[in-house]
Amino acid sequence: MASLINRNRPPAYCPGCSHETVTKALDKAFQALGLEGNQVVLVSDIGCSGLFDTFFNTHAFHGLHGRALTYATGIKPAQPHLTVVVTMGDGGLGIGGAHVASACRRNVDLTLLILNNFNYGMTGGQCSFTTPPDAVVGSGFLNRLERPMDAAELVRAAGAPFVSRCSSYRKDLPDKIEEAIGFNGFSVMDIWGICTGRYSKRNKLTPSTIQESLCALPPLDGPVQCNLREEYGTHYRRVAALEKKPSPPRAIEPVFEAPGAAREEIVLLGSAGQRILTAGEILCMAGMTAGLRASQKNEYNITVLRGPSVSELILSPEDIVFTGIEKPTVMVALAGEGVARRKALLSSLDESALVLRLAGVDIPPTDAGVHTVDLKSQGVRPPDFALASLAVLAKLERVVNLPMLKAAVSGRFRGPVAEEALSIIDKVNP
Amino acid sequence: MAMTFMEGNEAIGLGALAAGCRFFAGYPITPATTVFSSMVRLLPPAGGICLQCEDEIASAGACLGASMAGLKVMTATSGPGISLYSEHISFAIGSEIPIVIVDVQRLGPSTGSATRGADGDVQFLRWGSSGGIPVIVLAPVDVRDCYELTVHAFNLAEEFRCPVFVASNKEIGMTRESVDMDSWITPPLVERKTAPEQEPYLPFRSHAETGVPPFLPIGGKVLVRQTSSTHGEDGFITIDPALIEADRRRLGDKVTKGLSRFTFFEDLPAEGADTLLITYGVTARAAMAAVRNLQSCGRPVSLMVLKTLWPVPEALIRKKTEGYARIVVVEMNLGQYVREIRRVLGERTVEFFGKMNGDLISPATIEEVIKNG
């Protein structure tokens with residue numbers, strides 16, 4: 001195959017830069033794989049590694065510092081046949097650290113070439129994630145305080161199934177790149193090299209010292225047995241094909257008549273575990289079985305198993321328009337945690353409002369009519385308190401009636417869950 | 001009439017699917033998480049791809065990659081995520097990558113309040129990118145808008161090759177409502193204009209009339225170059241000031257010159273009204289209730305609800321405010337969009353009421369503002 005090097009814009013690095021060696025090796029790998037330019041995309045970002053995409057006659061995507069892997073992660077699943085090669089430096093490795101780790105975990109079929117030259121060449125030779133502490137760099141003494149990171153070891157630990165840590169000057173670099181590209185999964189090469197423009201001016205670094213340093217480390221040069229697994233895209237398509245098409249949102253026909261004709265604003269005040277939000281949903285659906293408009297807003301703690309749970313509901317024969325609760329017609333007090341969140345609102349109620357109070361729950365003084373119900377003594381468990389309180393409202397013919405409530409429950413649940421809920425509604429004594 | 005019980009975020013998912021979205025990448029964040037939940041349910045069975053990324057930067061980045069590979073893409077977040085999207089918003093603007101970005105706004109600044117609504121990002125969405133090039137921002141009022149404006153957002157992103165924001169609010173996104181889905185209208189879909197599949201392809205040579213470069217996907221037969229750097233028509237870096245200047249102007253012009261076609265708004269004039277109330281987003285609902293109450297007390301007030309916030313529909317604002325003695329702007333922040341109304345209306349006095357404490361602005365509050373002005 002022909003070279004994919006862009007003859008109109010031949011590689012132009014600093015003299016002696018090892019990036020040029022890698023560029024030529026990558027081209028040889030493309031040729032050995034028999035790839036045409038339009039079968040390849042080079043994805044790069046900022047730094048000297050970001051020059052790669054301009055030197056090849058391939059598709060190219062060049063973006064922001066450290067983010068090349070994120071673009072590649074979007075390109076590959078959209079064009080699965082495409083060979084995607086990502087270049088980044090040790091700068092990109094640092095600023096895009098989370099992307100590197102995630103790409104390893106994900107295992108999309110990409111090849112990442114880390115052009116590791118131990119400093120930020122483009123901005124003046126500052127220290128990077130891989131700079132040795134005894135190096136002289138453009139960051140003053142700061143690199144002495146931080147420990148360099150072993151990129152290959154990191155990606156191995158993060159789950160990359162192909163890892164090679166090697167020198168830009170290894171004789172078989174084209175073969176190794178070819179192997180990495182041919183590998184079906186996320187392959188990473190941590191390729192050590194020399195930045196002649198910045199780093200090696202002040203630090204002794206030669207092909208042979210690189211080789212010595214590499215020899216002192218445990219070898220990593222190909223597939224990592226314990227990380228081998230199905231490639232992400234193949235896996236995704238296999239699992240996605242089994243996903244059922246979601247059923248369209250359920251429409252509720254108006255078949256009943258609501259007990260009242262006015263706008264009702266209902267607030268359920270409870271605690272986590274009482275299924276307040278589900279009860280709110282059921283009340284709205286019950287209203288909809290009578291052709292009422294419904295809205296629901298919820299409030300709960302991030303600790304979903306502890307703390308207050310509040311549901312604000314509006315049922316109205318007219319369009320709801322404003323979804324805020326201004327003047328509740330019914331407040332249901334099932335737990336102190338919820339009551340504490342709406343104390344002022346409870347106190348502001350007038351005599352036309354109803355407070356449905358669970359026996360034992362304290363509420364502030366109010367002008368509203370208070371109806372107390374003891375659900376515990378009726379054998380209702382706390383997870384069913386909210387549902388049972390709806391049954392009480394239905395039996396009082398307030399907001400909803402029994403046919404509306406039962407229709408909502410039968411629509412929302414199936415099988416034994418529905419039967420259990422219906423039996424609770426039947427047995428509750430208002 | 002059969003009704004469905006649904007929240008705004010789910011409607012955004014349905015709108016995206018109807019618009020042809022086949023790639024979503026996101027990172028969970030309240031109150032936008034349920035957009036992601038919808039997409040992970042809807043996309044895979046439709047042959048689409050839904051990714052949960054490591055952060056918002058990666059989510060936006062993956063979307064840009066997939067968009068350039070030819071798919072219609074969307075991501076969704078809230079204020080803290082918009083902050084992280086910033087560099088990729090700039091990229092999408094400068095390098096003309098279609099993407100729909102949903103911002104289900106929550107009370108800021110910063111992490112603020114995850115479960116409290118606000119419209120505190122409306123200037124941030126406009127200006128939160130490097131370069132200051134105009135963007136498109138649509139603001140839904142209710143669940144139906146969430147569906148329809150999302151489809152419009154895709155159409156605009158594809159037509160103009162730019163990011164388009166849907167500026168929702170926790171109070172719309174996470175509020176469930178009964179809706180008549182049968183009455184929803186799916187706007188006709190717009191696909192990005194493609195270039196002939198022949199070399200040489202200049203990826204940033206814009207169409208003479210539209211100012212938008214015809215598209216070819218990365219991965220197709222013809223080589224495509226995409227870059228975030230300042231580029232010429234060929235996608236390689238340029239330093240030619242004349243060329244750069246012309247191109248920067250084109251990026252804004254291509255969007256603003258089409259504005260009249262996507263100036264979405266609702267106009268509720270009242271006979272004999274001397275006051276025009278202007279608002280947007282969830283506050284429009286309180287305003288509608290307030291205007292209705294005022295009317296029944298014999299105080300007619302006109303209302304205009306803006307659904308295209310950016311580019312600012314200046315011609316519309318000038319025209320609709322004619323003849324009113326009072327202009328009142330109400331919004332769920334401490335005064336952001338009112339700056340635009342004042343800028344457009346120049347010498348005229350524009351009254352303002354804003355609130356930013358996590359609570360909705362109530363109809364009663366708006367009525368007081370009108371009465372006490």
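Just so we're clear, the structure is a prediction, and the values are computed from it rather than from any experiment. Quick note: numbers below take in every heavy atom, side chains included, and nothing from hydrogens, waters or symmetry partners. Lettering follows sequence order; numbering is per chain, from 1.
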Got a donor-acceptor contact below 3.5 angstrom from the Glu56(B) side chain to the Tyr85(B) backbone?
no
Let me have the donor-acceptor pairs involving side chains of residues 72-85 of chain A, under 3.5 Å, with sequence neighbours excluded, atom names and distances please.
{"residue": "Thr73(A)", "atom": "OG1", "partner": "Leu69(A)", "partner atom": "O", "Å": "2.6"}
{"residue": "Lys76(A)", "atom": "NZ", "partner": "Pro80(A)", "partner atom": "O", "Å": "2.9"}
{"residue": "Lys76(A)", "atom": "NZ", "partner": "Leu82(A)", "partner atom": "O", "Å": "2.7"}
{"residue": "Gln79(A)", "atom": "NE2", "partner": "Ala69(B)", "partner atom": "O", "Å": "3.0"}
{"residue": "Gln79(A)", "atom": "NE2", "partner": "Ile218(B)", "partner atom": "O", "Å": "3.0"}
{"residue": "His81(A)", "atom": "NE2", "partner": "Gly219(B)", "partner atom": "O", "Å": "3.2"}

Is there a donor-acceptor pair under 3.5 Å between the side chain of Ser67(B) and the backbone N or O of Pro98(B)?
yes
Heavy-atom cut-off 4.5 Å, strictly under: side chain, backbone, both or neither for Asn6(A) against chain B?
side chain
Answer with side chain, backbone, both or neither: which region of Phe23(B) has an atom nearer than 4.5 Å to a non-hydrogen atom of chain A?
side chain
side-chain hydrogen bond (donor to acceptor under 3.5 Å, both in side chains) partners of Asp319(A), counting only residues at least two apart
Arg293(A)
Portion of Met6(B) that has a non-hydrogen atom of chain A nearer than 4.5 angstrom
side chain
Chain A shares the most heavy-atom pairs under 4.5 Å, among Glu177(B), Met174(B), Glu87(B), Met288(B), with Glu87(B)
Measure Met1(B) against the heavy atoms of chain A and call it side chain, backbone, both or neither at under 4.5 Å.
both
Judged by atom type as modelled, is there a donor-acceptor pair below 3.5 Å linking the side chain of His65(A) to the main-chain atoms of Gly47(A)?
no
Among the options Ser102(A), Gly63(A), Gly37(A), Ala294(A), pick out the one with the most heavy-atom pairs lying under 4.5 Å from chain B.
Ala294(A)
Among Thr227(B), Leu223(B), Asp359(B), residue most engaged with chain A (heavy-atom pairs, under 4.5 Å):
Leu223(B)
State plainly whether the residues Glu326(A) and Arg263(A) are in salt-bridge range, i.e. N to O under 4.0 Å.
no
Any sub-3.5 Å donor-acceptor pair from Asn301(A)'s side-chain atoms to Thr303(A)'s backbone N or O?
no
Side chain, backbone, both or neither of Arg106(A) within contact of chain B (heavy atoms, under 4.5 Å)
side chain
Find the distance between CZ (Arg285(B)) and CG (Asp142(B)) and round it off to the nearest 0.5 Å.
5.5 Å
Polar side-chain atom of Tyr201(B) near backbone of Leu216(B) as donor-acceptor pair, under 3.5 Å:
yes
From the list Leu64(A), Ile314(A), Ile320(A), the residue making the most non-hydrogen contacts under 4.5 Å with chain B is Leu64(A)
Please classify the contact of Ile366(B) with chain A as side chain, backbone, both or neither, using a heavy-atom distance under 4.5 Å.
neither
Contacting region of Ala25(B) [heavy-atom separation from chain A under 4.5 Å]
neither
With only heavy atoms counted, which part of Leu71(B) is less than 4.5 Å from chain A, the side chain, the backbone, both or neither?
side chain
Examine distances only and state if a side-chain atom of Asp45(A) and a backbone atom of Ala68(A) form a donor-acceptor pair shorter than 3.5 Å.
yes
Heavy-atom pair count under 4.5 Å with chain A, highest-scoring of Val282(B), Thr115(B), Leu42(B), Asp55(B)
Asp55(B)
His99(A) ring center near Tyr71(A) ring center (under 6.0 Å)
no
Can you tell me which of Lys297(A), Lys244(A), Glu243(A) forms the most heavy-atom pairs within a distance under 4.5 Å of chain B?
Lys297(A)
How about Ile302(A): does its CD1 atom have over 12 heavy atoms from other parts shown lying under 6.0 Å from it?
no
The interface call for Val321(A) against chain B, heavy-atom contacts under 4.5 Å, is both
Aromatic rings Phe52(A) and Phe56(A): how do their planes relate, parallel, tilted or perpendicular, breaks at 30° and 60°?
parallel
If I measure from the heavy atoms of chain A, does Pro217(B) come under 4.5 Å with its side chain, its backbone, both, or neither?
both
Quick one: of Pro203(B), Gly220(B), Ser95(B), who has the most non-hydrogen atom pairs under 4.5 Å with chain A?
Gly220(B)
Heavy-atom distance under 4.5 Å to chain A: side chain of Glu199(B), backbone, both or neither?
neither
Under 4.0 Å between a Lys/Arg side-chain N and an Asp/Glu carboxylate O for Glu265(A) and Lys327(A)?
no
Proximity of residues 7-17 of chain B to chain A, residues having a non-hydrogen atom under 4.5 angstrom:
Glu10(B), Leu14(B)
Side chain / backbone / both / neither for Phe61(A) at chain B, heavy atoms under 4.5 Å
both
Is there a donor-acceptor pair under 3.5 Å between the side chain of Tyr236(A) and the backbone N or O of Cys50(B)?
yes
Measure Val143(B) against the heavy atoms of chain A and call it side chain, backbone, both or neither at under 4.5 Å.
neither
Between Arg106(B) and Thr111(B), is there a donor-acceptor pair closer than 3.5 Å when you use the side chain of the first and the backbone of the second?
yes
Given a strict heavy-atom distance threshold of 4.5 Å, which part of Arg9(A) is in contact with chain B: side chain, backbone, both, or neither?
side chain
Any idea which of Met181(B), Lys170(B), His88(B) has the most non-hydrogen atom pairs under 4.5 angstrom with chain A?
His88(B)
Atom group of Ala290(B) that falls short of 4.5 Å from chain A, counting heavy atoms:
neither
Answer key: most heavy-atom pairs under 4.5 Å with chain B among Ala240(A), Pro249(A), Gly233(A), Gly324(A) is Pro249(A)
Side-chain donor or acceptor of Glu231(A) paired with backbone N/O of Asp109(A) under 3.5 Å:
yes
Please tabulate, for side-chain N and O atoms in residues 279-287 of chain A, each donor-acceptor pair with protein atoms closer than 3.5 Å (sequence neighbours left out).
{"residue": "Glu281(A)", "atom": "OE1", "partner": "Arg412(A)", "partner atom": "NE", "Å": "3.0"}
{"residue": "Glu281(A)", "atom": "OE1", "partner": "Arg412(A)", "partner atom": "NH2", "Å": "3.3"}
{"residue": "Glu281(A)", "atom": "OE2", "partner": "Arg412(A)", "partner atom": "NE", "Å": "3.0"}
{"residue": "Glu281(A)", "atom": "OE2", "partner": "Arg176(B)", "partner atom": "NH1", "Å": "3.2"}

Looking only at Glu54(B), Arg22(B), Arg225(B), the option with the highest number of non-hydrogen pairs under 4.5 Å against chain A is Glu54(B)
Can you say whether Arg292(B) sits under 4.5 Å from chain A via the side chain, the backbone, both, or neither, judging by heavy atoms?
side chain
